[in-house]
Number of protein chains: 2
Amino acid sequence: MPKPTFFNLPADKREHIFNCALREFAEHPYEQASLTEIVNAAGIAKGSMYQYFADKKDLYKYVVQTVYQHKRSFLQPVWDKAGEIEFFELLSLYYRRSWRFARQFPYEHRVTVNFWDSRDEAVRAEILREREIRNVEFSGLLEHGSRAGVIAAEVDQEAAWFVYHAVGRALIDNFLEQDVSAEEHEVFIDSVLAILEWGLRSRKG
Amino acid sequence: MPKPTFFNLPADKREHIFNCALREFAEHPYEQASLTEIVNAAGIAKGSMYQYFADKKDLYKYVVQTVYQHKRSFLQPVWDKAGEIEFFELLSLYYRRSWRFARQFPYEHRVTVNFWDSRDEAVRAEILREREIRNVEFSGLLEHGSRAGVIAAEVDQEAAWFVYHAVGRALIDNFLEQDVSAEEHEVFIDSVLAILEWGLRSRKG
DNA sequence: GACAAATGTGACCACCCAGTCACACAGGAG
DNA sequence: CTCCTGTGTGACTGGGTGGTCACATTTGTC
């Protein structure tokens with residue numbers, strides 16, 4: 001939570017500072033991100049930063065929070081369709097759109113990746129909170145598929161969640177560095193999801 | 001590659017220094033690991049360390065290399081059975097044994113985790129080499145299963161490798177912190193693998 | 001013993017860091 | 001013009017870092 005002074009700033013200056021911080025926290029994990037680097041890039045004095053935020057961790061939390069707010073609103077259209085389409089189709093949409101987010105906002109994306117890897121104790125509390133949110137989102141999806149009868153009754157739901165979580169993370173994280181085209185990767189996403197679908201789908205046919 | 005002086009050391013001292021370094025690199029990623037901390041823990045002078053290793057990166061590479069050598073030899077018994085048992089059974093063995101390694105040698109395990117996450121440019125070259133080794137190991141397994149006809153022809157092999165890699169990593173990483181019993185987790189490993197098996201197994205039946 | 005080669009040492013260097021604080025500057029109110 | 005409050009500033013502090021080097025100590029050899 002920034003100090004009031006930060007919100008009194010003219011919008012463009014405020015955004016500029018935010019973007020500089022975003023970039024630094026994208027390029028380095030929290031512990032290695034340099035506040036000095038941020039204020040230099042932003043062209044403001046070190047002391048000014050401490051008028052806006054209590055300390056480095058305060059700034060970091062604000063950035064992470066804002067990024068996740070953005071990401072959730074970006075994914076909202078997918079959830080809106082949850083009632084209309086089938087479970088596995090929804091999953092494909094979900095991962096494709098996550099991938100688009102990562103492509104379109106690479107700094108935001110890298111911040112979330114660094115965030116999950118963080119070892120800082122104070123930061124881990126936030127991590128657990130986020131994980132819980134993801135968990136709830138996904139459990140909802142699974143139950144939805146389960147009720148609709150498209151998921152085999154014999155699969156362990158916890159294991160299913162686990163598989164999707166692990167694979168989903170890897171699907172998004174590992175491909176930003178490489179220069180793979182967006183369409184090409186969406187095809188790959190679908191062949192990966194096809195394997196999982198075969199593993200989960202009801203085995204009556 | 002340590003300097004010759006390091007290997008001239010009495011074995012116990014050499015191992016003690018190695019263990020202190022191992023521990024530090026387990027508890028912190030490379031960039032944050034402190035050489036000062038290592039020499040203090042080992043009870044030797046800073047200068048002595050520079051008689052054994054060229055610099056911090058040299059020490060780190062040696063630790064990582066040794067750890068991977070250990071891990072590979074630990075997993076060897078699994079590969080030795082490759083000819084005797086079925087593909088999916090072999091996979092189960094593989095992940096169970098990886099899990100045992102992580103349980104039995106938590107420091108070694110954490111070093112490998114930190115290693116994969118490292119962003120250091122010079123270190124990344126080593127990472128790619130290791131990834132290539134894993135890739136080759138696994139492709140061999142897959143082909144073996146493919147020849148034996150237990151894997152569906154229509155699955156994308158690259159996608160299959162990707163799924164197992166992602167899930168395998170998560171299966172081990174996410175459960176070390178929690179105090180889950182070894183046996184309990186091995187059951188969970190198998191229910192996860194069951195999903196993947198359904199996704200891959202030949203669909204003739 | 002004497003000499004040399006190999007090892008061990010820790011104060012020291014240059015550098016980077018998060019965070020502070022005494023001060024300068026703005027602008028609105030009276 | 002004078003307060004006063006809210007902002008902006010950057011030199012400075014104390015602490016940490018990887019790496020160095022002139023010197024001390026141990027070891028092996030004759």
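Chain letters run A, B, ... following the sequence lines, proteins first and then strands; every chain starts at 1.
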Remember a base hit wins even if backbone is also touched, and classify B/Thr5 as base, sugar-phosphate or nothing at under 4.0 Å, heavy atoms. sugar-phosphate

Geometric class of the A/Phe105/A/His70 ring pair [parallel <30°, tilted 30-60°, perpendicular >60°]: perpendicular

Classify the angle between the aromatic ring planes of A/Phe53 and A/Tyr62 as parallel (below 30°), tilted (30 to 60°) or perpendicular (above 60°). tilted

Kindly indicate whether the side chain of B/Glu24, heavy atoms from C-beta on, has any atom under 4.5 Å from the side chain of B/Leu35. no

Atom CG of B/Leu59 to atom C1' of D/dG19: distance rounded to whole Å? 14 Å

Per-nucleotide protein contact string for nucleotides 17-22 of chain C (B base, S sugar-phosphate only, - none; heavy atom under 4.0 Å): SBBBB-

Rounded interatomic separation in angstrom, taking CE from B/Met49 and C1' from C/dG10: 15 Å

side-chain N/O B/Tyr52 vs C/dG8 OP1/OP2, d < 4.0 Å: yes

Please report the distance, rounded to the nearest Å, between CZ in B/Phe53 and P in D/dT20. 16 Å

Side chains of B/Asn40 and B/Thr36 only: does a donor on one sit below 3.5 Å from an acceptor on the other? no

Between D/dG19 (P) and B/Asp58 (CG): distance, integer Å: 10 Å

Is A/Asn8 near enough to D/dT7 that one of its side-chain N or O atoms lies under 4.0 angstrom from OP1 or OP2? yes

Between C1' of D/dG8 and CZ of A/Phe6, the distance in whole Å: 15 Å

Parallel, tilted or perpendicular: which fits the ring planes of A/Phe115 and A/Tyr60, with parallel below 30° and perpendicular above 60°? tilted

NZ of A/Lys81: more than 12 outside heavy atoms within 6.0 angstrom? no

Expressed as a whole number of angstroms, how long is the span from B/Lys3:NZ to C/dA5:C1'? 16 Å

